[in-house]
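Before any comments, here is the structure.
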Amino acid sequence: MGDDELSTSLSEMSLTGSRSLGGIGDDRPGSALSSSPASPGFVGKGTLRPKHKQQQSGASPTRVRKSSSPKSGKGGGGKASGGVKEDRNRGRDVSSGTTTSRNTPGGSSRCESERTQGHFSAGAKRQGPQSHRGARAESEDWGRHQAPSKMIHLFSHLPQYSKRSTQSKSDLHPAIETLGLLYADGSVRGSNARTAAMLLAFKEVVREYQLPPGEVLRLDLDKALKPHIQYLINCRPHSIAMGNAIKWLRGRIHSLDPEAGPAEAKESIVEAIDAYVEERITFAAKTLAEVTANKISDGDVVLVYGRSYSVELTLLRAKAQGKKFRVLVVDSRPLLEGRRLLASLSRASIPSTYLNLNAVSYVMRGVSKVLLGVAAMLSNGAVISRAGTAVVAMLARRFNIPAIFCCETYKFSDKVQLDSICWNEVGDPAELLRPAGGRGATRQVEQAHSLQEDKPGIAASELTASLPQRLKLLNIRYDLTPMKYVSLVITEVGMIPPTSVPVLLRESSKDDVNVNFEF
Amino acid sequence: MGIQNDLKAATSELIEYERRISGGRASISFRACVELFFRYATRENDDVPDFETLNKLFIARGHHFVANALKSRLGIAELGHSFVQDGMMILTHGRSEVVTGVLIRAAQSNKNFTVMVTEGRPEGSGFKAAERLTEAGIPVTVILDSAAAYFMERVDIVLLGAEGVVESGGIVNKIGTCQLAMVAKLYNKPLYVAAESYKFARLYPLTQADLEDNVDNDVEKPLFPPLLTGMEGGTATVKVEEGEGRHTQERGSSGTLLGRNTVFDSGPGVAAMTTKNPSCDYTPAQYISLLFTDLGILTPAAVSDELIKLYQ
């Protein structure tokens, strides 16, 4: 076991953990959230709409924001039921922060400099998609300034980051607007959290939906949902799991009994959504964790990558079962999600080691199991998950270590994909240049990082601006792990080999209403 | 609900009994069977109003199970024998009723082939299989377990039984199966597994260590008994010729099969030695070409499909 040098004592870990935890929600001080409601009773949009970009990291890079409660934005079905409410609270925090920041002098002059940097896709992001609300002209500028030379040719078919806009076109339900902003700034992250939050927001939409006279509910409700769905996708491209949930919801609406009264029909949809979140996400994750925890035995060294909600649940469950095992948390830039997992493992007194993806080949020989999260399980047995997963799985295979993937069945997709290029998500290119962790990390960490210390007062964007013209930045979110690197898929219905994904899809689609929607 | 508890109690009792008589652990297929019956019992429970009918149903199901086991063995022989062709050399490991069934069925359809059987330490089950096959007029060569790689180049197909077929499509079988399968894979020889579908178990071992209760560390037991007396210095393979005389002689010499090992008993330092004697190992699906089952000829991936259908 060569990783002793790498291991940090538990106390140190918890220190790092809590530090990073403090900043989970920190991310960018989303100015866009300014228009998000201050309370669950939603304020009409535009009330707090900023005229221009406010100060951002550039104006005061060293500024330490008080982060909202560490819990907020914590992903996962387990929190699903309360998710939206928490998110709202978060929105409140951030928006109040923004209000103060808007008063900082020099806002408009900064705006100028930003615009000049706009043609760098990386620099563009710093403005954030949020700032587009009410700054339509500016956003169009971006579109133009997104020089083609800055696009990675191979990924040019994907929605480019800078083109995203949280600007809402029509009257949207406030719950959806809030959620969209939370998606965009990364405070709701992870398939489970995103899907659950989305469904719960849709529930609000359905609940407050009023059937216009002379319309058929099951047709009109679907129509009414469309802009909401589109808005969420504009904020951040939807994951495959979310696509599944949307498809399911629309199928559910279409198959409503035409005879039923509107109130009754709405109630049945609301109930169905609750049931979906409960059965397919929350309960599924719990059951899955239970099954997976049984696979961990005393003396195991479990390697995990990033932070997956079901993997976290599994480790905590195994600990609760009294298993004695060690965890190696592998993390990677730019999101550094693993720190949150580390914090939670430390709280549960699970001996853990924290390392970066580039050290994985060194520690792999001492590992006995690899546990990985999944964004989507495709019907050819391939796994789509956070970028870097494929590397870990391949390395595990090289060392003959079983790579176990934890996946709720709602993430199963009948798609087939052979590489990570056809479908992916392009993240904020500027994240790559941000000293430590960008969105996921705390300001404290950023400060501590040498780049900022070397050049105090210089923002990431300015660093970007000084980069060579021909430099392109690629920050993709997902990658594809081919089937041969998947030893086992654990779902809430049991353990299956990756070859059996189509069977489960077939079996589960028997009871589902099958309506084909483009999503 | 009462009957469920009774069944549960009976299940654990049965497994305990099986564990005792087989010396250490209950076989996977046994447990799979019990689970399947239990599954049937719990599912059927709701629809039947009175206990009398239920009782009858259960008993009928039990008989059905047993009858099915025999029938499926014949079915597998019918399906599998076409994979055996004239002039083939077939390697098998240990004793399996299903495998002998397939081979005998092939011999009955006038195919000429030879069979190579590993002796199957420590209990020498390969000899029992060889005996059955020679009785059926099939030429058999018994080889050492450790000689599998030596003979692999001459082998055309490898045909194995299984104690249990797990969800990944891999098998749990007599110790030595995995290494045999690996060698076969390396030589690109097809490896077929003949197993009844009641051996399909909802297990998913990832490593050998996942097979619980497997390693027998009891030093009191003679772990490595000499199979054939006078084999020291002799040839590694013992030809079991056709004909009663020669055959019984071999049987006679393997009479010491389970006797104490005199060679190792007396040596110094024996007490300090540790021995390990796992009775079975796990062969991952990647080494298996096809499975002959009563559900048809399956690829390993199809096992999980069948299991999902069975337990859904």
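Note on naming: letters A, B, ... go to the chains in the order of the sequence lines (proteins, then strands), and numbering restarts at 1 for each one. Since this is a predicted model, take the numbers as computed values, not measurements.
The two residues A/Arg506 and B/Lys309 come nearest to each other via the heavy atoms NH2-CE, 4.0 Å. Nearest heavy atom pair, residue A/Pro498 against residue B/Tyr204, reads CD-OH, 4.4 Å.
In this structure, the portions of B/Ser304 lying under 4.5 Å from any heavy atom of chain A include both its backbone and its side chain. Using a 4.5 Å cut-off between heavy atoms, A/Pro497 contacts chain B through both its backbone and its side chain. Neither the backbone nor the side chain of A/Ile401 comes within contact range of chain B; no heavy atoms are under 4.5 Å apart.
Inter-residue side-chain proximity for B/Ser168 and A/Leu488 is flagged as unmet; no heavy-atom pair is nearer than 4.5 Å. Residues B/Ile308 and A/Ser500 form a side-chain contact, since some pair of their non-hydrogen atoms from C-beta on lies under 4.5 Å apart. Between B/Gln286 and A/Lys484 the shortest side-chain heavy-atom distance does not fall below 4.5 Å.
Within 6.0 Å of OH on B/Tyr150 lie no more than 12 heavy atoms contributed by other residues, nucleotides or ligands. For CZ of A/Phe325, the number of neighbouring non-hydrogen atoms (other residues, nucleotides, ligands) closer than 6.0 Å is greater than 12.
The CG atom of B/Leu307 lies 11.5 Å from the CD1 atom of A/Ile496; values are rounded to the nearest 0.5 Å. Taken to the nearest 0.5 Å, the CG atom of B/Asp305 stands 9.0 Å off from the CD atom of A/Glu507. To the nearest 0.5 Å, the span separating NZ on A/Lys295 from CG on B/Leu206 amounts to 4.5 Å.
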